[in-house]
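Notes for the one structure printed next.
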Amino acid sequence: MSYKDLEDKIDQRNVYLRYNVELEGPAIKPEEDEEVAKILPNDEPFRSIALTILNENRDEAITIVKKALDDGISPLDIINEGLMKGMDAVSLLYTKGIYFLPDLMLSGDAMMESVKECEAVLGHKSDSKATVVSFVAEGDPHDIGKNLILMFLRAGGYEAIDMGRDVPASDVVEAVKKYHPIFLTGTALMTTTMTAFPKVVKALEDADLEVPAIGCGGGAVRKDFVESFPMSVYGVEAYHTPKLADAILNDKKDWKDLRKEYSDVVGGFVSEYS
Amino acid sequence: MSYKDLEDKIDQRNVYLRYNVELEGPAIKPEEDEEVAKILPNDEPFRSIALTILNENRDEAITIVKKALDDGISPLDIINEGLMKGMDAVSLLYTKGIYFLPDLMLSGDAMMESVKECEAVLGHKSDSKATVVSFVAEGDPHDIGKNLILMFLRAGGYEAIDMGRDVPASDVVEAVKKYHPIFLTGTALMTTTMTAFPKVVKALEDADLEVPAIGCGGGAVRKDFVESFPMSVYGVEAYHTPKLADAILNDKKDWKDLRKEYSDVVGGFVSEYS
Amino acid sequence: MKRFTQMEYKDPDELLFGHAKYPISIGNDTEIGAGHVIPEINVAPGEGTEESKEKMVSECRNITRSASDRAVNIGLPAFILEQEHISQQTNNPDWTAECTQAQVEVLEKYHDEYGIKTGLRATPADIRDEEKDSGFWSSDLFNRVIESIEASAENGAAIVSIETTGGKSVSDYGISRGDPKAILFGIGVLGSMDMEYMWEKIVPICKKHNTIPGGDTDCSQSNTAMFLAGGLLDKDCSHTLTALARAMGAARSLVAVECGAQGPLKDCGYENPIVKAISGVPISTEGKNAVCAHSDLMGNLMASVTDMWSNESVYHREEMGGTTPEVWLQATGYEAALMNTAIETGEGKTLRDLYTLTDKYRDPQALILAYDNAYRIGEAIVKNGDDPYLRARAAAIEAGAIINEAVDSKKMYLTRFERDSLDSALKVLKKLPTESDKFTKDCIRKYSRKVPDFDPKNYEL
Amino acid sequence: MKRFTQMEYKDPDELLFGHAKYPISIGNDTEIGAGHVIPEINVAPGEGTEESKEKMVSECRNITRSASDRAVNIGLPAFILEQEHISQQTNNPDWTAECTQAQVEVLEKYHDEYGIKTGLRATPADIRDEEKDSGFWSSDLFNRVIESIEASAENGAAIVSIETTGGKSVSDYGISRGDPKAILFGIGVLGSMDMEYMWEKIVPICKKHNTIPGGDTDCSQSNTAMFLAGGLLDKDCSHTLTALARAMGAARSLVAVECGAQGPLKDCGYENPIVKAISGVPISTEGKNAVCAHSDLMGNLMASVTDMWSNESVYHREEMGGTTPEVWLQATGYEAALMNTAIETGEGKTLRDLYTLTDKYRDPQALILAYDNAYRIGEAIVKNGDDPYLRARAAAIEAGAIINEAVDSKKMYLTRFERDSLDSALKVLKKLPTESDKFTKDCIRKYSRKVPDFDPKNYEL
Ligand code: B12
Ligand code: B12
């Protein structure tokens, strides 16, 4: 029988389902989501500013922020009451599966550039929650995971230091000395580069340094491997990073806690094995 | 098209080959194999005795052995110059892929029963090379691997103690105390029973006991797991067991050596990973 | 108990994957053998999880969640999770209860949330021991097995199976010595008796809890032979003798169905195509997507007439592509999808034939399971349907004839070892008595002596 | 260099697994694309083996021995071993030389002993780094890559491949932001330029050593999109945009062939069906037997027109069924056996269609790679064959049209996110300039600023 004839005979639903299509709820405007509504500020200009972030509109964001600054609104208030609230809403929608990565990236770009405008007026960098250092393991060129992590961290209010890819353990040690991060993230996509993680731990120990946790993740990295050395926690999804950092910052969790409480901390399903 | 029509169209060799058939050499009588010829004794009655073993002929073996004993031939000579030579030849043919397991089992049965006849005259058990203790891990009912091991050990001239299946670590310790084996073999077929091996090691250590090596093998057992605790060596094929025991007995190898030299010791291909 | 004395299928060509004469329905909108093939995933609990009930429950839950998550992420319409219990679970029926509950809960959640069709097959371990426990049919261990079966059924398992081990000590002896008589006694007589004893107990329990009695497998016997037979260059067991053992295994596994098991028969029963041809119950099989668990020489052929497609078992750990419940469900799920496409397009029989012909002559073991030959063996069985011994013997003799015909027509090639062991086995089998009692008595005498673990009292003999 | 401006295949229906218009012969009696499908096995070296040359050589040898041993034990007539080199191997061309030698030696031994057809594909790593090494096209790292390619060819690799990374920084930016223009610039312009530069160097080296220049893949770009796209419930990258990126990837991977690469193209190039339709070279693909490495939504479809069937990659360790080189070669080998049976019986096209239809509408990414649609995208490419930019753009637009038609005919269903991102991408793509220079200048301006790693000088722009 011809290809076309065969094709016409199939009831697709007996072979596969597109659960993403099946489950889609009705379209709503992002700002109409109940939880988002709770996050968004009600007062102007903060509400408008937050909405430009929510709408991923970089140019508009900069324009409104500049105007607000001209109007004498406090740059710190613009950041905290406007821009960050918008970003919080974006993160929430991502977690709920309504927004997607590009939304996050574009909102993040809009936010970061708007923050820069505020900082110009402020005369110095605005406060971040804390500092996190991110690197890709020595010998490894795969860096997209790490780049996502940087974005999620920044969107989450952290100062995220990008050490790039193929980073020697000694450079990581230097960065820890310099930035005193509350969290380190390492990404390795290969069996033969994930071995850099225990080397980093060793180098930190040798230098008498400690961080609350090193999140180790990436393509070929396995949980059993990561848990075979100390100071580390296995990282699954890039968007988990700010949640892990929050747990360290707010709840004083360390790597031992995070290993045990990972799925609670990130608040989602994580495939587990022992 | 119908099944039969389809079938007739296939050139099998484009789909699969039967390398076992492809590679088969011409049929020869076992005793004509060059290497076997070197092993077999030339003098009677030893040659006839060895041949009955080689021919897996239990009844005939017992008859000839009895007759030789009646004729006043030394029972030890019958064992060492006749029966064991036959068995050596059988093992050789197995290793070369000419004999198969049932040959080995039947020759082994013939040999063991003939040995018993000799021992009856001798008035005590004949000397074995040394003692090996074999067990199946606690909680595990799979015992065929262990049974093969017993047979290979006995065919190889060892006293093999069969502890059966589902054996608690404490019983293994008692057996070590009692028999002073040069080698222990443990078999586990399940992920959740191979954990008995490190427990046995721990129990031995606690009792201040040591064996040169514990061969740990069986279906679900992995080399990486076995090498995660001391005293152990990963066992691959049952017929490797007497070769490992030989290496311990003759070359004073211990578990550390055996791990490194496994494939040399057993003299065959062993799939390796690190 | 009604023995099968005729074939439920009237023509081998009616056999097709996804279609069973007597399909079953297991709730959650899920039917098996009703027109589509369903993937089955089975993951062995990781080392150390046997240490406590809590660990085991959590392990079972995690396996279920991972599998379910991947299933919806790749769009599978249906899947079955099998959990093969380890001895600790069966030894402690409360473990069975809680593990089953945890797994069923997760599956229901996914069913509710996504509409995915799913269900649990629980397989308690046969922890009875011929060596240790003189009461093979009534003893503490026996009771534990029965309680665990009840705990599985009671706590929501959709299907309950078990791999009974009756006759194993004798068949083990026979397999390792190439002794066809011992194999026949172990499988055809002792195995069948034990299966009957067990399934007469299991079926009512399942019925009581509205659970499907799934059926058994000759794993403990024919699979032992298959594993010893190994690959082409292995030298432990002749592949022809193994084929005969497999044929006998069909006569044995049929007993569970005769006692009321409804299928899907256990995945590891490579004899299932024969049992399906006879009885019409749905079956699960495994082959090329069970390479994680073992190597066989009929990886495609085993899909030809199956209703569920399984990975047999895999370590619970992480692959680059995800954890093993995810990865291996995807493997079996994608193969099932291919079969379902073939069914949908009306090309099911073509694909069935391709699966079959890929392996049919690869090895004698494959040959006798090709659906036409499986059917022939089925016929030999039902012709002697009333007598478990005679039908197992007939199955083996028919399998031998099938191999010989293929050799004569130059489609099958044998090594000398395979040739010789087939000839001598057929000679032995053909000479055996035609009365079951006589055979049994003879074997009791012979094997009580030769096989230390074998105690006729265990079988009330 | 001759650009493809017409299709080598005249009708999509001519496309079939195991058959390439221009088959190749690699020695050891082995031909690829000459009427049968050959399994390909690829195993990643274990952790720690990167520590010394000795360890790596031994690791490579062990992988080869295990695979070869299983191949003969299950009766495979042929297989290809691929070794993807890690950075240490390419950084030290003497490692490449010795590893290659060790692997070739084992393969030859098995060929001699058993007659099995076999050969090695060596894939040195593209260790050039846009960020670190300003000389992307001439520098120490660049030289090391070229030396390693020569070392592979010189030491007996039958096939040499590489996964070039040109344009990656810009396409990464585009993929994570849903920016179709950046993706097109990264893949269609920069990627194509880099591939041309590299393959103009690689092909003569291979010729010199009588090695087959195997070809490249758009792994660094379209596969990144595919991995971010993930499963149905993932939320990182739109599956429609990913489909467009894949179509562009075909225009890019074609460049290696235009420079003289003869195939089999690299397994991870999911765009290969398109490249085969255009150029007639044999291809390797991966899908349902690469679940060990990653999850895709087209696991069967990818087999439809392939010439080698790969597992992509797996950890080197032990399964219950053996070590991973054994287990996964068996998996790909058994699937290849099914395809070869279909070919032998004249049912190749039926199986091809079943493979295709199993996944065709499962996801937009699958849809555009179904062989009929792949062919259409091929036509869009050759119509603009002379201009790498325009042809990549045309490929994407055609892919979009294919998706829209399927949606219109109610065979393909999209989520809102997929729908919106497709609409907006097509709008952007259609509006782009029709002159390559203009587009390039515009992009250089825009992305030099936005993408820190991107330096036009790397491409002599
Ligand atoms: C795209 C890709 C490439 C691109 C990289 C492009 C880039 N910009 O990074 C290119 C072409 C360069 C490439 C090259 C190679 N690659 Co590559 N590549 C891939 C591929 C297909 C996708 C990787 C990817 O981008 N994924 C998406 C990102 C987002 O995922 P991710 O980084 O893992 O991050 C996610 C999580 O892990 C997590 N995460 C990561 N880190 C952390 C940390 C924390 C704290 C947390 C919470 C989370 C977290 O967050 C992300 C999800 O949200 C993978 C396949 C795979 N299965 O991963 C192979 C893969 C990584 N590559 C592989 C190989 C072998 C290579 C090569 C060596 C091949 C060769 N010989 O040419 C070369 C490397 C050469 C060299 N220089 O050494 C193998 C590695 C095998 C192994 N076990 O070692 C893989 C696994 C493919 C395979 N299965 O064979 N590759
Ligand atoms: C036959 C079989 C059974 C039979 C056992 C019969 C018997 N007499 O032993 C029966 C039916 C009883 C059985 C039961 C079960 N089984 Co079972 N069984 C198998 C099977 C199919 C074959 C085992 C076998 O006999 N192989 C042949 C022998 C010779 O191999 P071997 O023992 O491994 O020995 C070889 C080597 O390992 C080596 N060797 C072994 N030890 C040593 C030591 C040294 C020093 C050396 C050098 C070599 C060496 O020598 C031999 C080769 O020459 C395996 C599959 C498999 N892949 O192994 C599953 C398998 C072992 N069973 C399994 C399971 C789950 C079970 C059950 C729990 C299932 C259930 N729920 O009912 C029950 C156990 C119930 C209980 N009481 O706990 C799983 C284990 C999974 C896991 N990772 O934990 C397996 C792996 C199947 C699978 N893939 O799912 N099983």
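Because the structure is a prediction, the values reported are computed rather than measured. Naming convention: chains lettered A, B, ... in sequence-line order (proteins, then strands); numbering from 1 in each chain.
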Would you sort out whether B:Tyr234 and D:Glu318 count as a side-chain hydrogen bond (donor to acceptor under 3.5 Å, both in side chains), showing the intermediate values?
CA-CA 12 Å; B:Tyr234 178 59; D:Glu318 204 170 343; 2.2 Å; yes
B:Arg18 portion near chain D, given a 4.5 angstrom heavy-atom threshold
neither
Contacting moiety of B:Glu22, where chain D heavy atoms sit under 4.5 Å:
neither
Ignoring hydrogens and geometry, is there a side-chain-to-backbone donor-acceptor pair from B:Glu272 to D:Asn62 under 3.5 Å?
no
Determine whether a donor-acceptor pair (N or O, by modelled atom type, separation under 3.5 Å) exists between the side chain of B:Tyr19 and the backbone of D:Leu76.
yes
[X] portion near chain B, given a 4.5 angstrom heavy-atom threshold:
| X | value |
| --- | --- |
| D:Ala71 | backbone |
| D:Ile116 | both |
| D:His316 | both |
| D:Glu326 | side chain |
| D:Thr49 | side chain |

Minimum-distance pair of heavy atoms, taken over all atoms of [X] and [Y]:
| X | Y | answer |
| --- | --- | --- |
| B:Leu6 | D:Glu347 | CD2-CG, 3.7 Å |
| D:Arg65 | B:Phe269 | NH2-CD1, 3.0 Å |
| B:Asp11 | D:Glu344 | N-OE1, 2.8 Å |

Tell me whether [X] at atom [atom1] has more than 12 heavy atoms from other residues, nucleotides or ligands lying less than 6.0 Å away.
| X | atom1 | result |
| --- | --- | --- |
| B:Glu34 | CD | no |
| B:Lys260 | NZ | no |
| B:Lys29 | NZ | no |
| D:Lys117 | NZ | no |
| B:Glu205 | CD | yes |

A side-chain contact here means heavy atoms from C-beta on lying under 4.5 Å apart; do B:Val15 and D:Thr341 qualify?
yes
List for me each residue that meets side-chain contact (heavy atoms from CB on, under 4.5 Å) alongside B:Pro212, sequence neighbours excluded, and say none if there are none.
B:Ile248
Could you tell me the separation between the CD1 atom of D:Ile343 and the CD1 atom of B:Ile10, rounded to the nearest 0.5 Å?
11.5 Å
Which residue out of D:Val72, D:Val37, D:Leu338, D:Ile74 racks up the most heavy-atom pairs below 4.5 Å with chain B?
D:Val72
